Asks: 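If you scroll down you'll find the structure; I have some questions about it.
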Amino acid sequence: MLMASGEILTHKRYGDAYHSLTIVSPEIGEQARPGQFVSIRLREDSAQILRRPFSVYRMHKRGGWASTIEIVFDIRGAGTRYLSQLRAHSTIDIVGPTGRGFVMPKRRAHCLLVGGGIGAAPLFFLADELRNEGHRVDFVMGARTSGLLLNPIDVRRLASVYRMTTEDGSQGDRGRVTDVLAETMERCGTEVVYACGPHPMLAAVSEICMERETPVQVAVEELMACGYGACMTCVMPVRRPPKRGEDPADAVVYARACTDGPVFNGASIVWHGSGTEPVAADQQELTPANVAVRDTGLDEVEDEHAPPGN
Amino acid sequence: MARTKADLTTKLAGLDLVNPVLVASGTFGAGREGSHFVRLSELGGVIVKSMTLTAWRGKPTPRMCETPSGMLNAIGIQNKGVDHFISEDLPWLLKRDATVVASIAGNTVEEFVKVADKLRTAKGVAAVEVNISCPNLEDRNDMFAHSPEATAAVIGGVKEALPRMPVFAKLSPNVTSLTDIAAAAVEAGADGLSLINTLMGMSIDVESRRSELAGTYGGLSGPAIRPIAVRAIHEVHSAFPHIPIIGQGGVMSALDVIELMLAGASVVAVGTANFVDPTTSVKVIAGIADYMTRHEIASTAELVGAVKLEG
């Protein structure tokens with residue numbers, strides 16, 4: 001993780017609502033792993049002082065675009081509106097790559113990637129890397145309507161089997177990703193699920209995976225002030241192993257999405273409510289091994305020390 | 001005319017600091033997080049995230065929302081407790097030659113004193129900042145910092161536990177008379193004051209009609225509050241000119257540091273700006289040297305309270 005400046009190489013549009021910026025920042029690009037994110041500062045005199053975090057959508061490895069990173073976003077407020085107005089050759093200030101990314105399976109595995117709306121972004125970088133390492137990639141992608149499916153053409157190219165869902169039925173199956181998830185897992189012989197999207201979707205995906213005892217890694221997107229582990233605003237309630245005699249319901253810690261995540265074991269997140277009073281909790285248990293990796297089943301997992309691709 | 005390099009070394013309540021720039025509590029973790037971007041030994045000091053007697057889980061989310069030129073936070077002092085600080089964070093910080101200011105918090109006077117007791121025997125803590133902007137469980141959850149009596153009780157207890165350690169009381173600006181609270185802290189033995197903690201604020205999502213924070217209210221920080229910090233520092237420095245002040249509140253640049261010092265701060269802590277640019281503290285140090293050279297100021301002490309007022 002470092003702070004660097006980046007030059008915008010291209011600004012593109014995807015579908016009805018998404019903007020993409022391809023950024024030249026070799027120091028950051030070379031280190032980025034799927035599931036990690038970058039934080040971008042808006043202009044210096046802005047009343048919006050905080051950086052905006054974006055997961056890495058693509059990392060380009062070869063040719064003239066080597067080590068460029070691409071982010072995608074929709075306009076949610078003044079900050080993203082400003083970024084959507086940037087054009088080629090603008091310079092931006094970036095911190096990254098940040099966080100624990102997706103854990104790659106060590107042996108050949110059938111991987112199912114599940115994305116909702118713009119949340120599907122980090123799954124493309126992940127799909128590239130999984131395929132490079134020889135894993136099978138299947139895809140379920142959903143959105144409210146067809147124009148909000150993120151780059152469906154690339155999904156078809158990357159996936160052995162893919163399913164699209166839209167809530168209005170304008171493309172693929174009418175409904176949500178969770179309506180077709182179990183069926184797709186069955187059909188594809190899925191051994192690990194990777195998901196990113198809104199919380200209710202991640203909660204439902206995690207539940208289905210837990211019922212089927214399939215490891216599930218989810219990348220969460222939380223509000224954050226600093227994006228490097230200091231401010232403690234972006235936390236997720238995560239179960240840890242209870243200590244002797246401890247009620248498992250109390251064995252919950254608030255883990256930082258930025259540096260303990262953003263990828264967590266979906267089965268360890270407390271999706272529905274959590275304690276509201278400050279209570280004693282021993283966070284020493286909160287190691288990478290039992291947050292991001294624990295119970296993924298594929299115990300011969302690699303982590304961020306894995307060489308990038310190929 | 002040949003100009004000599006500005007001397008940034010600064011005295012603070014008997015401590016010799018390499019410069020007058022610290023990082024504020026809760027904005028640089030226990031140093032590790034910020035150390036990705038800054039060499040901690042280059043800072044005047046690191047005020048670590050507040051520590052409590054036992055680990056605190058903190059409040060549910062959302063804990064933060066951005067506001068014009070600032071942000072609100074309601075974290076609930078999530079921390080691993082003083083024992084963890086002493087066994088893990090402190091040795092790590094000392095290995096990196098950081099000047100460590102321990103921020104302590106609690107919900108009762110006894111909790112503050114017990115944390116202070118543990119720090120007495122921990123080698124290497126340079127000073128203690130007492131975060132009295134905590135709910136007082138023994139007085140209807142009102143903040144200690146809102147009452148001169150509660151402020152005096154905490155500071156008196158901590159000072160008794162740490163007679164040889166510089167102790168700074170971090171005051172809340174959410175009071176009618178800041179000088180009354182400052183007087184209580186000073187009379188109770190505070191060696192210095194930290195001004196200011198965040199301002200209590202609230203933000204509502206009008207579509208859902210819910211507070212933007214799970215904790216309903218939160219602390220406002222960032223450049224939005226800087227004029228209030230400048231006023232508060234000036235007011236307290238005018239009343240107690242010999243009490244050193246750690247100025248904090250919305251500092252983004254070197255000139256902001258100078259502004260707080262002119263108001264009466266002996267040193268300044270960079271807070272929310274660390275989130276915006278984690279290298280702010282070191283950039284600010286270079287900028288102070290430039291200012292001092294430009295104005296032919298030999299020592300940072302010349303800046304303290306040096307604002308010129310009419311009449």
Side-chain angles (χ1 to χ4, degrees), chain A residues 1-4 39-42 44-52 77-79 93-96 98 199 220 222-238 240 250-259 270 273-286, chain B residues 23 26-34 36-38 49 52-81 83-84 87-88 107 135 212-215 218 221-224 250 252-253 272-279:
Chain A
M1 179 171 53
L2 54 101
M3 194 169 95
S39 308
I40 298 179
R41 188 173 180 184
L42 307 176
E44 224 166 88
D45 57 354
S46 172
Q48 283 98 32
I49 61 171
L50 299 177
R51 286 170 185 271
R52 300 300 193 253
D93 170 346
I94 317 174
V95 169
T98 309
H199 273 194
V220 298
E222 300 301 305
L223 275 176
M224 45 183 77
C226 74
Y228 61 89
C231 73
M232 308 304 289
T233 60
C234 63
V235 296
M236 290 292 297
V238 174
R240 58 166 169 74
D250 291 333
V252 173
V253 294
Y254 284 118
R256 293 165 294 191
C258 64
T259 50
V270 183
S274 58
T276 53
E277 290 299 310
V279 296
D282 180 356
Q283 293 192 49
Q284 277 174 274
E285 310 286 345
L286 200 64
Chain B
V23 284
T27 67
F28 233 40
R32 285 175 213 254
E33 289 75 10
H36 289 283
F37 308 98
V38 166
K49 168 95 181 161
T52 49
L53 187 57
T54 56
W56 283 9
R57 183 189 285 178
K59 293 184 180 175
T61 55
R63 291 176 167 185
M64 189 276 292
C65 93
E66 193 179 38
T67 58
S69 298
M71 58 175 276
L72 288 167
N73 86 79
I75 313 284
I77 314 189
Q78 177 175 347
N79 81 101
K80 297 178 186 176
D83 291 334
H84 180 273
S87 64
E88 305 293 325
N107 285 135
E212 301 260 22
L213 299 171
S221 64
M252 301 293 281
S253 70
T272 299
N274 291 316
F275 302 155
V276 180
D277 175 351
T279 65

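Treat the numbers as computed from the prediction; the structure is a model and nothing was measured. Below, chains carry the letters A, B, ... as their sequence lines are ordered, and counting in each starts from 1.
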Asks: For B/Thr52, which atoms come within 4.5 Å of any heavy atom of chain A: side chain, backbone, both, or neither?
Replies: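 B/Thr52 has no heavy atom closer than 4.5 Å to chain A.
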Asks: Supply the atom-to-atom distance A/Glu222 CD to A/Arg256 CZ, rounded to the nearest 0.5 angstrom.
Replies: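 If we round to the nearest 0.5 Å, A/Glu222:CD and A/Arg256:CZ are 14.0 Å apart.
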Asks: Between A/Leu2 and chain B, which part of the residue has a heavy atom less than 4.5 Å away: side chain, backbone, both or neither?
Replies: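 Backbone only.
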Asks: First locate atom CE of B/Met64, then atom OG of B/Ser221, and finally report the distance between them rounded to the nearest 0.5 Å.
Replies: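 So the CE of B/Met64 and the OG of B/Ser221 are separated by 10.0 Å.
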Asks: Any idea which of B/Ala224, B/Ala74, B/Ser69 has the most non-hydrogen atom pairs under 4.5 angstrom with chain A?
Replies: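 Most heavy-atom pairs within the cutoff with chain A belong to B/Ser69.
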Asks: Looking at A/Arg52 and A/Leu50, would you say the former's side chain and the latter's main chain have a donor-acceptor pair under 3.5 Å?
Replies: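 Side chain of A/Arg52 to backbone of A/Leu50: a pair is present.
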Asks: Checking heavy atoms, do the side chain of B/Phe28, its backbone, both or neither come under 4.5 Å from chain A?
Replies: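 Both parts, heavy atoms under 4.5 Å.
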Asks: Top residue by heavy-atom pair count (under 4.5 Å) with chain A, among B/His36, B/Met252, B/Glu66?
Replies: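 When all of B/His36, B/Met252, B/Glu66 are compared, B/Glu66 has the most.
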Asks: So what's closer than 4.5 Å to chain A heavy atoms on B/Pro278: side chain, backbone, both or neither?
Replies: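 It is both, since atoms from each part get that close.
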Asks: What option among B/Ile75, B/Ile77, B/Asn107 has the most heavy-atom pairs under 4.5 Å with chain A?
Replies: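 Looking at each option in turn, the highest pair count goes to B/Ile75.
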Asks: Check whether any side-chain N or O of A/Thr233 sits under 3.5 Å from a backbone N or O of A/Ala225 as a donor-acceptor pair, and report yes or no.
Replies: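 Yes.
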Asks: Out of B/Ala30, B/Gly70, B/Gly34, B/Cys65, return the one with the most heavy atom pairs under 4.5 angstrom to chain A.
Replies: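 Highest number of pairs under 4.5 Å: B/Gly70.
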Asks: Between the side chain of B/Arg63 and the main-chain N/O of A/Met232, is any donor-acceptor distance below 3.5 Å?
Replies: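 Checking the backbone N and O of A/Met232 against the side chain of B/Arg63, a donor-acceptor pair under 3.5 Å is found.
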Asks: Does any non-hydrogen side-chain atom of B/Leu72 lie less than 4.5 Å from one of B/Glu212?
Replies: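 No, side chains not in contact.
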Asks: Of the backbone (N, CA, C, O) and the side chain (C-beta and beyond), which part of A/Met236 lies under 4.5 Å from a heavy atom of chain B, both, or neither?
Replies: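 For A/Met236, no heavy atom lies under 4.5 Å from chain B.
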Asks: Nearest 0.5 Å, please: how far is OG1 in B/Thr61 from OH in A/Tyr254?
Replies: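 If we round to the nearest 0.5 Å, A/Tyr254:OH and B/Thr61:OG1 are 6.5 Å apart.
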